[in-house]
Asks: 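Mind having a look at this structure? Questions to follow.
Order of appearance sets the numbers: ligands from 1, and atoms from 1 within every ligand.
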Amino acid sequence: MTALWGGRFDDGPSEAMAALSKSTDFDMRLAPYDLEASIAHAHVLHGAKLLDADELERLTLVLRQLREEVLAGRFGPQPGDEDVHATLERGLVERLGELGGKLRAGRSRNDQIATDLRLYCRDRVTGLTTKLLILVEVLAQQAERHVASPMPGMTHLQHAQPITFGHKLAAHAQAFLRDVSRLQDWDVRADVSPLGSGALAGSSLPLDPEAVAADLGFTQCAQNSVDAVADRDFVAELLFVTSMVGIHLSQLAEEVILWASQEFSWIELDDAYSTGSSIMPQKKNPDIAELARGKTGRLIGHVSGFLATLKGLPHAYNRDLQEDKEPLFDACDTLALVLPAMTGMVATMTVNTERMADAAPKGYSLATEVADWLVRDGVPFKDAHEITGRLVMHCAQSGIELDEVSDADLLNVSGKLRPEVRDVLSVPGALETRKTSGSTGPTAVAAQVKMLHERVSRERGWLAGRPPPLTHEAPSRA
Ligand code: ARG
């Protein structure tokens, strides 16, 4: 094993030790970030007069070449390399001899890995936000088409009150926008460079952590070197946000699965975003939604698992922290796969507006309208609730819906139910009355959709201020 240590050991690591310790299978993804941080570190060593100008130039040239080689797949780990840092130092030494070994001055893998991971996370946050905003935009576009399309609004999965389909889709968009702002909040806290903290105690060499921070695009360097190498809050937080995104996707997915079922038949998924069955030729399955729902389980697993890893750690670097990478990478990869698929599915689904509208008044969902009408007519809500309840019971006994009652039926239940109540006993009539901001009526929903579009363009402005990601979101699966 090419280790970055060994002087004080008589013997090399056992096979079992090496196998357990090795992380190149997954941490090579951080190579471009590690190299970026190395370039910044080389400049600082030059500033500290620990590298002359010629050495700096040769080092930075080779670090850049290594980056190209790694990205092109021409340079990678050898079986004996312990981790990404060992691999890259080997590459440097192979190319530069003794000079390659100079770069390690004043830094430790502890501050290196913490820096690499923050840089990686910041790139993934850019990518994730980009994808979330496309999903929000697509939800807003579908919502725009359906600002006045009635559907049954449900609570407890029971018909409650009619709402518009646009309102329902916009509700999901609101949840994803909160996730966008969670990522932006995360970014503020993650904007700290650990480089210069060394193993835990900072450095006796005249380094310049502020300059390194600025070079790497961080607005500040760590105020405490122990905390800087121990802190993985930024990983835990990001895992939480990815879980929350997953949960929101899963909730949308669950509704799509219901709406696409034979019994509902409110939407039809596009062929390109559905799958068939190997045995039943007639089947069209909502697999995207099911995979989104299913994969959310592992996102939640990652956050709880990693929190457990952190729980008992003495506040410093401990090797346990190496366990941060696989869940983090998997969470980011998972969302990078699921988000575009869910977005395409939502963009292309078609809506059976008639069938959905037919269902809207079913289950006495207009009952609240009757109660509200009575209140506007001066009846205390307590009595209005009681009278309306009796009307619903009458309908249930006669096997009719609320919009089918006669004047006589109304009068029979209560003298307060004048024939004019019929004005609110229509779904479009009921929807029309819900005008206040955030309500489900067509005008309020149109206003909401406009605000969604405005938010998307504002957050795209935030994205435009970020540096382009150094690496691609996920290794291609094709
Ligand atoms: N590979 C380690 C990690 O991912 C970084 C190296 C720090 N190792 C050490 N023995 N100090 O956390």
Asks: Could I get the full list of salt bridge (charged side-chain N to carboxylate O under 4.0 Å, His left out) partners for Glu255, not counting sequence neighbours?
Replies: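 Salt bridge (charged side-chain N to carboxylate O under 4.0 Å, His left out) list for Glu255, sorted by chain: Lys168.
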Asks: Rounded to the nearest 0.5 Å, how far apart are CZ of Phe306 and CZ of Arg232?
Replies: 6.5 Å
Asks: Show which side-chain atoms of residues 195-207 pair as donor or acceptor with protein atoms under 3.5 Å away, not counting sequence neighbours.
Replies:
| residue | atom | partner | partner atom | Å |
| --- | --- | --- | --- | --- |
| Ser197 | OG | Pro194 | O | 2.8 |
| Ser203 | OG | Leu205 | N | 3.0 |

Asks: Using the side-chain hydrogen bond (donor to acceptor under 3.5 Å, both in side chains) criterion, which residues pair with Glu69? Sequence neighbours excluded.
Replies: Arg95
Asks: For ligand 1, run through the N/O pairs with the protein that fall under 3.5 Å and put one pair on each line.
Replies:
| residue | atom | partner | partner atom | Å |
| --- | --- | --- | --- | --- |
| ligand 1 | 1 (N) | Asp83 | OD2 | 3.2 |
| ligand 1 | 1 (N) | Gln322 | OE1 | 2.9 |
| ligand 1 | 4 (O) | Lys325 | NZ | 2.6 |
| ligand 1 | 11 (N) | Asn110 | OD1 | 2.8 |
| ligand 1 | 12 (O) | Tyr317 | OH | 2.5 |

Asks: Using 4.0 Å as the upper bound for N to carboxylate O, is an ion pair formed by Asp179 and Arg182?
Replies: yes
Asks: Is a donor from one side chain sitting under 3.5 angstrom from an acceptor on the other, for Gln112 and Asp34?
Replies: yes
